[in-house]
Amino acid sequence: MDYYKKRTLTFPNSYVIDGYTVAGPKENDGRYKGFFDLALEDDMFGQNTFERAERKMFEHAIDGVIGKANLTNADVDALVGGDLLNQIISMSFSARKQHAGFLGLYNACATFAESLIVGSCLLNNGLENVVCIAGSHFSTAERQYRYPLELGVLRSPVTQWTATGVGATVLSNQCETSTPKVTRATIGRVVDYGIMDANNMGAAMAPSACDTLVTFFKDTETSPDDYDAIFTGDLGKLGSDILLDLTKQEGYDISAKQHDCGASLYWDEQQTYQGGSGAACSALVFNGVLLGRLRKGEYKRILLAGTGALMSPTTSFQGDSIPAITHLVEVCF
């Protein structure tokens, strides 16, 4: 039986007004050095815990993107986003300082793409301005999902480095000047190929990325050739290779168009093995790099496919496999 269903939405009025990024020291020393609005010299950000530092990064990014978009807090109707920590505390606590409505999201590293979808839905149902935001912090995620940093546990060759950073976007349902738009989006479904290794998230997420990309191409009757570039969230080097094989088996060759936000974030000598992971990856690259390239005309039409591994420490300890999800947005200029 064919279970294929259309999962793609169309947005007539979802304008990307501006983006703002806060990047950690390691991230700003990577391939995109100089692309970020605020580059931290210390990932403690003047706080006494890593969790408070991550929260401050969210607060700064929210204020930063609102100001950069020439808005005030009173102009923002809703905040939409999340992070990787239990009960999305970084996002939730940072929302205390805002008077806008708040929708907390969690789809692991796919959260930023999810926020763009939810935000676009809100705009097309009456709201005017929405802040979409996601981020992560290496030191908070590492001790939640794996081991205390003090143990100095050796890293697996298939592992990725959780990016420290926050990316925020202001979406609006109206705009007086030419600006990129979120035009279509495909909602991901949960896919689980039975990967058990919590370090090998790229292998766990690649089948989900393939499923969402193929669904989008079928729903919209498009192909990879219709796009200047296809950016995946944080599959890393190994996960990207697996994705290329899987999509080719489905009749779509994306090898000339696919770039991975996580794999491209760091230099090889930074020893992140497969590259970056974390909710910050796609949020940093989209707001710090891609928006600028769209506005310069380097890209006219791109896809951003945020990938997420939906595991938790509890499920990993209990020997469960890793389900994954990928949300996709089409951005045109």
Side-chain angles (χ1 to χ4, degrees), residues 21-28 30 40 42-45 47-59 61 81-94 104-115 133-156 158-167 195 197-202 204-205 233-236 239 260-263 265-266 270-285 306-317 322-325:
T21 50
V22 179
K26 192 180 187 79
E27 290 64 34
N28 192 53
L40 303 182
D42 176 8
D43 63 1
M44 289 293 288
F45 206 2
Q47 304 300 296
N48 61 356
T49 70
F50 291 118
E51 286 74 17
R52 289 193 174 100
E54 183 173 336
R55 185 187 314 163
K56 184 177 177 181
M57 289 162 57
F58 270 83
E59 293 171 352
D83 56 89
L84 298 183
L85 299 187
N86 293 334
Q87 290 79 48
I88 55 170
I89 54 172
S90 298
M91 181 69 237
S92 299
F93 278 49
S94 64
L105 305 178
Y106 182 82
N107 259 186
C109 307
T111 297
F112 180 66
E114 181 189 16
S115 75
I133 184 169
S136 52
H137 193 298
F138 172 79
S139 297
T140 63
E142 192 70 15
R143 64 185 178 190
Q144 175 176 291
Y145 284 97
R146 296 183 181 89
Y147 305 99
L149 299 176
E150 294 81 0
L151 284 178
V153 175
L154 292 176
R155 298 172 63 81
S156 165
V158 298
T159 197
Q160 295 168 246
W161 187 277
T162 304
T164 297
V166 177
I195 301 297
D197 184 357
N199 292 302
N200 197 358
M201 293 186 293
M205 294 186 292
D234 59 341
L235 294 175
D260 189 70
C261 298
L265 195 57
Y266 304 105
Q270 290 180 284
Q271 298 183 340
T272 59
Y273 297 98
Q274 298 301 320
S277 67
C281 279
S282 57
L284 285 175
V285 174
T307 50
L310 302 177
M311 62 181 183
S312 79
T314 301
T315 60
S316 296
F317 294 150
I322 303 170
I325 195 163

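We count residues from 1, following the sequence as given.
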Check [X] against [Y] and note the closest heavy-atom contact, atom names and distance.
| X | Y | value |
| --- | --- | --- |
| Gly82 | Phe58 | O-CZ, 3.6 Å |
| Leu85 | Glu54 | CD1-OE1, 3.8 Å |
| Gly81 | Ile88 | O-CD1, 4.3 Å |
| Ile322 | Ala309 | CG2-CB, 3.8 Å |
| Ala324 | Ala204 | CB-O, 3.5 Å |

Per-pair distances, 0.1 Å, donor-acceptor, side chain in residues 271-284, under 3.5 Å, sequence neighbours excluded:
{"from": "Gln274", "atom 1": "OE1", "to": "Leu238", "atom 2": "N", "distance (Å)": "2.8"}
{"from": "Gln274", "atom 1": "NE2", "to": "Pro157", "atom 2": "O", "distance (Å)": "3.0"}

Enter the distance from [X]:[atom1] to [Y]:[atom2] here, rounded to the nearest 0.5 Å.
| X | Y | atom1 | atom2 | value |
| --- | --- | --- | --- | --- |
| Thr111 | Asp83 | OG1 | CG | 8.0 Å |
| Lys56 | His137 | NZ | NE2 | 11.5 Å |
| Phe50 | Ser139 | CZ | OG | 3.5 Å |
| Thr164 | Phe45 | OG1 | CZ | 12.5 Å |
| Thr315 | Leu310 | OG1 | CG | 9.5 Å |
| Thr49 | Met44 | OG1 | CE | 6.0 Å |

Flag side-chain contact, heavy atom, 4.5 Å: [X] against [Y]:
| X | Y | value |
| --- | --- | --- |
| Arg55 | Arg52 | yes |
| Leu40 | Met57 | yes |
| Lys26 | Trp161 | yes |
| Glu51 | Arg143 | yes |
| Leu84 | Thr162 | yes |
| Ile133 | Val166 | yes |
| Asp43 | Phe138 | no |

Heavy-atom donor-acceptor pair, [X] side chain to [Y] backbone, under 3.5 Å:
| X | Y | value |
| --- | --- | --- |
| Glu27 | Ala163 | no |
| Ser92 | Ile89 | no |
| Asn107 | Ala110 | no |

Only one of Asp260, Thr21, Leu265 clears side-chain contact (heavy atoms from CB on, under 4.5 Å) with Val285; which?
Leu265
By side chain to side chain donor-acceptor pair (under 3.5 Å), which residues pair with Thr307, not counting sequence neighbours?
Asp234
